[in-house]
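Computation of the quantities below employed the complete heavy-atom set of this structure, encompassing side-chain atoms and omitting hydrogens, waters and symmetry-equivalent molecules. Lettering follows sequence order; numbering is per chain, from 1.
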There are 2 protein chains.
Amino acid sequence: MKYQNMTPQSTVRRLPLYLRKLDHLIESGIQVTSSQELSSRTGFTAEQIRKDLAYFGAFGTRGKGYNTKFLREKILKIIGLDEQTNIVVVGVGHLGIAITRYNVTKNPYVNVAAAFDIDPAIVGKKILDVEVLHISRLKETAKKQDIRAAVLTVPAEHAQAGFQSIVESGINVIYNFAPVKLPAMKGIYVHNADLSAELQSIIYYATMLHKEKNKILAKK
Amino acid sequence: MKYQNMTPQSTVRRLPLYLRKLDHLIESGIQVTSSQELSSRTGFTAEQIRKDLAYFGAFGTRGKGYNTKFLREKILKIIGLDEQTNIVVVGVGHLGIAITRYNVTKNPYVNVAAAFDIDPAIVGKKILDVEVLHISRLKETAKKQDIRAAVLTVPAEHAQAGFQSIVESGINVIYNFAPVKLPAMKGIYVHNADLSAELQSIIYYATMLHKEKNKILAKK
DNA sequence: TCATGTGAAGAGCTTCACAGCA
DNA sequence: TGCTGTGAAGCTCTTCACATGA
């Protein structure tokens with residue numbers, strides 16, 4: 001795809017962080033903000049924020065700033081969080097439970113419709129108010145409700161099977177935590193969050209800092 | 001920093017995935033591989049893999065390929081996983097437990113030295129063989145052992161305090177899962193993994209696919 | 001006057017095309 | 001011959017500088 005009319009991925013990744021900041025500002029009773037203020041505590045430059053927002057329209061008032069509630073509504077609409085957004089969690093280990101619990105208690109914009117596993121010891125239980133169902137019931141759940149995305153938090157050896165269950169149920173967006181490269185399929189969007197690979201790449205920077213420190217010590 | 005001699009961040013993020021692929025190949029008894037083979041099932045192009053490796057040296061043989069074990073050793077050395085790599089986990093909720101367990105059982109290159117929390121109900125217990133200590137003991141642990149990085153998995157309201165404890169203990173690399181922007185500090189490297197923000201950005205793409213589907217249906 | 005919105009310049013990263021070497 | 005290693009070209013994204021308009 002050519003670079004035209006397309007929103008940069010990096011912009012899309014930042015939108016939720018603007019949203020969170022706006023939530024905080026609105027909670028504090030602040031009605032008008034600026035790209036400068038949004039810049040503080042998010043780590044992005046004011047120019048970048050303005051450009052990001054400009055991809056979707058002109059939401060501010062020149063010389064004044066942005067209305068916080070108005071901008072929040074706009075961003076919610078852009079992301080698609082303005083309507084009921086149902087997701088499912090596939091794989092009820094510690095990671096799956098953590099994500100389920102977080103979204104139920106802290107994320108008002110997303111509804112965890114159900115969680116799925118194959119372990120009979122877990123199936124039938126509940127995580128807060130979310131039922132844990134057998135994976136064989138994923139398809140019927142997806143038929144009854146409009147499920148926008150699946151979070152895949154199963155061990156590597158079950159990733160392939162979990163992926164297949166999700167795709168067969170008609171869900172076409174997957175947030176994959178299994179350390180496995182899922183096959184590319186047309187119309188299926190997969191976002192990989194490979195936490196252990198990421199940890200290792202962080203260790204690269206730790207090693208750099210470590211070597212630098214030793215070098216400075218050696219000079220003395 | 002200017003773009004010279006610097007390894008692209010994106011290259012560093014891919015190294016662990018090459019490492020994992022090499023582990024698989026070596027397990028299967030394969031001694032020689034090619035950028036083409038490394039390309040399959042990792043999702044990166046062969047050219048990109050060759051360029052990534054070339055930042056660190058010439059590890060292959062022209063016309064032949066790469067020796068799998070040799071290349072693994074080289075990558076381990078580059079990342080800094082060739083020596084004992086100790087990390088700590090700060091925050092023993094479900095996410096902290098998930099990360100601790102995964103690294104103990106599945107990641108032979110990293111050692112979880114200890115986990116820390118403030119909850120007396122958890123302190124003193126063990127996650128597999130990893131002791132859960134009170135956060136006040138982080139400093140002494142870091143003094144005794146060479147801790148390369150800390151994984152921060154506490155709720156948002158404790159992120160600031162957890163960050164401070166880590167920095168004060170002398171650890172300068174942090175893998176932060178709390179949905180909070182930690183303050184920039186000189187000599188401290190923070191990598192943010194904001195899972196709920198990421199989920200929301202994924203929902204943006206889900207919304208795009210959803211609208212597209214509805215548009216196609218409307219045409220009929 | 002002040003903060004937004006935006007073309008243009010620049011930096012970072014990927015892809016291309018092929019030279020180089022076992 | 002075949003696959004690595006690499007300058008050059010191209011693409012994406014960020015930063016700059018300023019025109020724009022409440």
In Å and rounded to the nearest 0.5 Å, what is the [atom1] to [atom2] distance from [X] to [Y]?
X      : Y      : atom1 : atom2 : answer
A:F70  : A:T61  : CZ    : OG1   : 8.5 Å
B:Q48  : B:T42  : CD    : OG1   : 9.0 Å
B:Q200 : B:D194 : CD    : CG    : 8.5 Å
A:Y109 : B:L199 : OH    : CG    : 13.5 Å
A:D82  : A:K74  : CG    : NZ    : 10.5 Å
A:N172 : B:H210 : CG    : NE2   : 9.5 Å

Separation of [X] atom [atom1] from [N] atom [atom2], in whole Å?
X     : N      : atom1 : atom2 : result
B:D52 : C:dG12 : CG    : C1'   : 14 Å
A:I49 : C:dA3  : CD1   : P     : 14 Å
A:L71 : C:dT4  : CG    : P     : 11 Å
A:F70 : D:dA22 : CZ    : P     : 15 Å
A:Y55 : C:dT4  : OH    : P     : 17 Å
B:Q9  : D:dT14 : CD    : P     : 12 Å

* Looking at B:S10, does any N or O in its side chain come under 4.0 Å of the phosphate oxygens OP1/OP2 on C:dT14? ->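 So the side chain of B:S10 is within the cut-off, an N or O lying under 4.0 Å from OP1 or OP2 of C:dT14.
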* Looking at A:R50 and A:D52, does any basic side-chain N land under 4.0 Å from a carboxylate oxygen? -> no
* Asked: Looking for any heavy atom pair under 4.0 Å, which part of the strands does A:R13 touch: base, sugar-phosphate only, or nothing?
  ->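 Result for A:R13 = nothing.
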* Just checking B:T11: base, sugar-phosphate only, or nothing, at a heavy-atom cut-off of under 4.0 Å? -> nothing
* **Where protein sits on nucleotides 2-8 of chain D, one letter per nucleotide: B base, S sugar-phosphate only, - none, heavy atoms under 4.0 Å** => BBBBBBB
* Knowing that exactly one of A:I99, A:L152, A:V154 qualifies, which makes a side chain to side chain contact (heavy atoms under 4.5 Å, CB included) with A:F177? ->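 The single option meeting the side chain to side chain contact (heavy atoms under 4.5 Å, CB included) with A:F177 is A:I99.
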* Asked: Among residues 194-207 of chain B, which residues get a heavy atom nearer than 4.0 Å to DNA chain C?
  ->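 Here the set is empty: none.
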* May I ask you to check whether over 12 heavy atoms, not counting those of A:Q36, lie within 6.0 Å of atom CD? => no
